[in-house]
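Worksheet: the structure to be examined is printed underneath.
One-based numbering, in listed order, for ligands and for the atoms of each.
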Amino acid sequence: MTTSASAGKAKPEALGRVTFLDGQGELPMLEISTAWSTAAMYLHGAHVTQFKKKDEPPLLFVSQCSRFAEGQSIRGGIPVVFPWFGSREGLGQHGFARVKAWDLKEFTPAPDGSVSVRLRLPDCPEAAGFPAFTADYIVTVNQSLTLQLVVTNQSRDAEFTFENCLHTYFDVGDVTAISISGLKGLSYLDKVAGFMEKTETNEALRIASEVDRVYLNATGRVEVLDPRLSRKILVEKQGSASTVVWNPWITKARQMPDFGDEEYERMICVESGNVASNSISLPPGGSSTLAVKLSSETLK
Ligand code: TA6
């Protein structure tokens with residue numbers, strides 16, 4: 001089914017479209033198209049799996065070995081990590097939001113040609129361990145991809161402390177040729193070295209081995225320069241104090257059943273959130289918005 005709204009002055013063919021269809025694993029999926037770009041997202045995990053501008057290769061990496069099944073996280077795209085990041089005693093890694101089917105609340109093809117979709121995390125048994133909250137996710141597609149995770153503490157008397165992260169997998173031409181800038185001088189927790197705290201000394205980070213770092217108090221924009229695809233990716237954000245950079249490299253890639261042995265060469269995760277000492281505590285009635293804008297430009 002396809003739908004588009006004829007509001008105001010915009011020419012009909014410039015309006016965006018939303019198409020509902022069965023995606024992989026017969027999971028419900030939305031295909032979004034605008035005059036500039038196409039995108040795809042699953043209600044499962046509110047998971048964006050594709051964003052592609054008309055004149056560029058896809059921005060996001062999705063593993064050929066990814067599962068598309070209830071209770072499983074999709075390997076690639078943009079997993080929504082919430083309400084905790086990493087492992088937690090007796091609970092799944094990276095929270096439960098990414099393995100739940102979210103409710104579609106509204107979709108809006110706007111007069112300017114962009115399309116916004118809003119989803120809400122439904123109540124679920126896993127949430128019982130937390131104060132009452134709502135989690136809304138707004139995805140806006142136009143020349144760029146904008147993501148907003150809005151969490152509100154709905155309890156009357158309990159503080160709600162949580163972590164969140166938009167765990168973006170970018171598609172790159174050759175991970176050993178890219179450089180990542182915008183992190184110099186920041187402290188980071190190096191998971192590869194047992195979470196030892198270190199300081200980033202490189203103007204531009206290069207990947208030549210397993211990298212798994214949580215940059216703290218990292219509020220600035222990050223750029224990924226990809227000479228092989230002649231592309232510069234920009235990650236701009238608000239309401240986010242942590243940036244995570246991850247590439248599993250050879251050994252970890254082989255250990256992951258839903259990831260191809262060579263696929264580490266074609267992806268890099270640059271994630272935006274609030275984790276570890278940057279976790280968020282909301283008072284009753286309090287609300288927080290994690291907003292991330294992903295855009296790219298072709299290198300001349
Ligand atoms: O964000 C980096 C990280 O925390 C890595 O440590 C690695 O585990 C990755 O996430 C993927 O986690 P997942 O649970 O999706 O396998």
Side-chain angles (χ1 to χ4, degrees), residues 24-25 42 44-49 60-100 126 147 149 162-172 175 178 180 183 186-198 200 205 207 209-216 218 222 224 233 235 237 240-261 263-279 290 292 294:
Q24 296 192 57
Y42 284 77
H44 177 76
H47 204 123
V48 176
T49 52
L60 305 176
F61 163 90
V62 175
S63 171
Q64 295 298 312
C65 313
S66 178
R67 298 162 180 147
F68 288 83
E70 275 171 33
Q72 307 263 354
S73 179
I74 295 169
R75 177 63 69 193
I78 309 177
V80 176
V81 172
F82 170 82
W84 67 87
F85 181 90
S87 56
R88 186 169 281 202
E89 190 75 29
L91 296 167
Q93 157 116 329
H94 288 336
F96 50 80
R98 64 176 182 164
V99 294
K100 291 287 164 195
E126 294 84 348
L147 315 149
L149 180 61
F162 62 92
E163 297 168 296
N164 57 15
C165 192
L166 299 180
H167 193 303
T168 309
Y169 291 70
F170 290 107
D171 192 80
V172 296
V175 74
I178 67 168
I180 304 167
L183 300 166
L186 294 171
S187 302
Y188 65 90
L189 303 176
D190 186 349
K191 188 174 174 183
V192 179
F195 290 102
M196 190 189 289
E197 185 151 350
K198 301 178 180 177
E200 183 55 68
L205 182 60
I207 309 294
S209 62
E210 180 187 357
V211 169
D212 195 348
R213 302 176 177 185
V214 175
Y215 289 87
L216 301 169
V222 171
V224 179
I233 298 170
V235 181
K237 58 182 189 162
S240 164
S242 320
T243 291
V244 180
V245 177
W246 179 56
N247 183 284
W249 209 243
I250 299 166
T251 309
K252 281 271 170 52
R254 291 194 176 138
Q255 290 165 354
M256 290 193 288
D258 59 347
F259 191 83
D261 289 358
E263 288 186 325
Y264 71 92
E265 296 167 341
R266 295 300 313 272
M267 53 71 66
I268 187 76
C269 284
V270 177
E271 313 164 26
S272 306
N274 298 282
V275 307
S277 55
N278 293 143
S279 63
L290 163 61
V292 180
L294 306 177

Atoms of ligand 1 less than 4.0 Å from V244 heavy atoms? 1 (O)
For atom 12 (O) of ligand 1, what is the nearest protein heavy atom, given as residue, atom name and distance? Q93 NE2, 3.1 Å
Would you say R98 contacts ligand 1, with heavy atoms under 4.0 Å as the rule? yes
Nearest non-hydrogen protein atom, atom 16 (O) of ligand 1: R75 NH2, 2.9 Å
Answer yes or no: is there a donor N or O on one side and an acceptor on the other, between the side chain of R266 and the main chain of V172, under 3.5 Å? yes
Please could you name the atoms of ligand 1 that E271 approaches to less than 4.0 Å, counting only its heavy atoms? 1 (O), 2 (C)
To check your reading of the model: name the closest protein heavy atom to atom 6 (O) of ligand 1, its residue, and the distance in Å. D212 OD2, 2.5 Å
Which class fits the ring pair F96 and F82: parallel under 30°, tilted 30 to 60°, perpendicular over 60°? perpendicular
Can you name the one residue among N164, N278, N274 that meets side-chain hydrogen bond (donor to acceptor under 3.5 Å, both in side chains) with S242? N278
Atom 10 (O) of ligand 1: closest protein heavy atom, distance to 0.1 Å, is H94 NE2, 2.9 Å
Mind checking whether W246 and F259 have parallel, tilted or perpendicular rings, split at 30° and 60°? tilted
Tell me whether the count of non-hydrogen atoms from other residues, nucleotides or ligands lying under 6.0 Å of CD in Q93 goes above 12. yes
Worked check of salt bridge (charged side-chain N to carboxylate O under 4.0 Å, His left out) between E263 and R75: CA-CA 11 Å; E263 288 186 325; R75 177 63 69 193; over 6 Å; no
Do any N/O atoms on Y169 end up under 3.5 angstrom from N/O atoms on ligand 1? no
